[in-house]
Amino acid sequence: MTSPSDLRFAETVSLETTEDAEAVEAAEAAEVESALGRLIERGFKFVHPRNADGEIVTIVGVRVHGTVIDVVRLDAEDEVTAMRMPAEESDILAPSTLLWRRDGALREVIDALLELPDATEPQAQRRGGLGRGCWVRGNHGRAKYLRATA
């Protein structure tokens with residue numbers, strides 16, 4: 001038979017476990033928010049590709065600078081991919097040429113990406129050359145990056 005003190009102990013342990021889980025969740029959310037803030041400060045723009053049901057499937061950040069494009073994809077806190085590619089790459093979500101890539105946990109990948117040196121901007125690009133484009137909304141909340149040709 002369970003005594004009242006055993007029930008109080010079980011309730012206390014359950015409450016502490018719930019509070020611990022909430023604290024861990026809050027810390028993880030703060031880490032994601034901090035990482036996204038650091039990327040935004042560096043000029044990353046974000047899109048949230050969705051599946052056919054309209055659910056967000058990932059978070060993608062893009063930064064075009066100088067002669068390169070930096071892309072970061074966040075699938076989960078421990079599933080992050082960052083890439084640097086030439087600005088003339090035609091498909092930034094599945095590039096054929098990579099200059100740098102890192103896969104791993106959020107903090108490790110974002111720190112490595114932000115440690116990369118900025119690419120210098122050639123004169124031709126300042127006049128509207130390489131590396132320009134925009135995200136266009138498609139069906140069911142999906143988006144596609146279209147490179148500017150002129």
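Any value given below was found using the heavy atoms of this structure, including those in side chains, with hydrogens, waters and symmetry copies removed. Being a predicted model, the structure only gives us computed values, none of them experimental.
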### Task
Begin from the C-alpha positions of Met85 and Val71 and carry the test side-chain contact (heavy atoms from CB on, under 4.5 Å) through to its verdict.
CA-CA 8 Å; Met85 63 202 71; Val71 176; 3.8 Å; yes
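- In this structure, OG1 in Thr81 is found 9.0 Å from CG in Leu74, a value given to the nearest 0.5 Å.
- Taking the charged nitrogens against the carboxylate oxygens, Asp78 and Arg107 have no contact shorter than 4.0 Å, which rules out a salt bridge.
- Under the 4.5 Å side-chain heavy-atom criterion for grouping Ile, Leu, Val, Met, Phe, Trp and Tyr, Val57 is not connected to Ile92 through any hydrophobic cluster.
- With a 4.5 Å cut-off on side-chain heavy atoms, Trp100 and Leu113 count as touching.
- A donor-acceptor pair under 3.5 Å links the side-chain atoms of Asn51 to the main chain of Glu55, judged by distance alone.
- Using a 4.5 Å cut-off on side-chain heavy atoms (C-beta onward), Ile110 and Leu39 make contact.
- Closest approach of Arg102 and Ala112 over heavy atoms only: NH1-CB, 3.4 Å.
- Summarising the geometry, atom CG belonging to Leu93 is positioned 7.0 Å from atom CE belonging to Met83; distances are rounded to the nearest 0.5 Å.
- When every heavy atom of Gly104 is checked against every heavy atom of Val109, the shortest pair comes out as N-CG2, 3.3 Å.
- The distance from the CG atom of Leu99 to the CD1 atom of Ile69 is 10.0 Å, given to the nearest 0.5 Å.
- Counting heavy atoms from C-beta on, the side chains of Pro49 and Val60 come closer than 4.5 Å.
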Requested in this report: Under the side-chain contact (heavy atoms from CB on, under 4.5 Å) rule, what do Ile40 and Lys45 come out as? Steps first, then yes or no, please.
Outcome: CA-CA 7 Å; Ile40 290 168; Lys45 304 295 183 198; over 6 Å; no
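- To the nearest 0.5 Å, atoms CZ (Arg42) and CG (Asp118) are separated by 5.0 Å.
- Grouping the Ile, Leu, Val, Met, Phe, Trp and Tyr side chains by contacts below 4.5 angstrom, directly or via other members, places Val72 apart from Ile56.
- Phe44 pairs in a side-chain contact (heavy atoms from CB on, under 4.5 Å) with only one of the listed residues (Val64, Leu36, Asp70), which is Asp70.
- Looking only at side-chain heavy atoms (C-beta outward), Val80 and Asp75 stay at 4.5 Å or farther from each other.
- In this structure, CZ on Arg73 lies 11.0 Å from CD1 on Ile59, to the nearest 0.5 angstrom.
- Distance check, rounded to the nearest 0.5 Å: CZ of Arg101 to CZ of Arg84 gives 15.5 Å.
- Glu89 places a side-chain N or O within donor-acceptor distance of the main-chain N or O of Thr97, the cut-off being under 3.5 Å.
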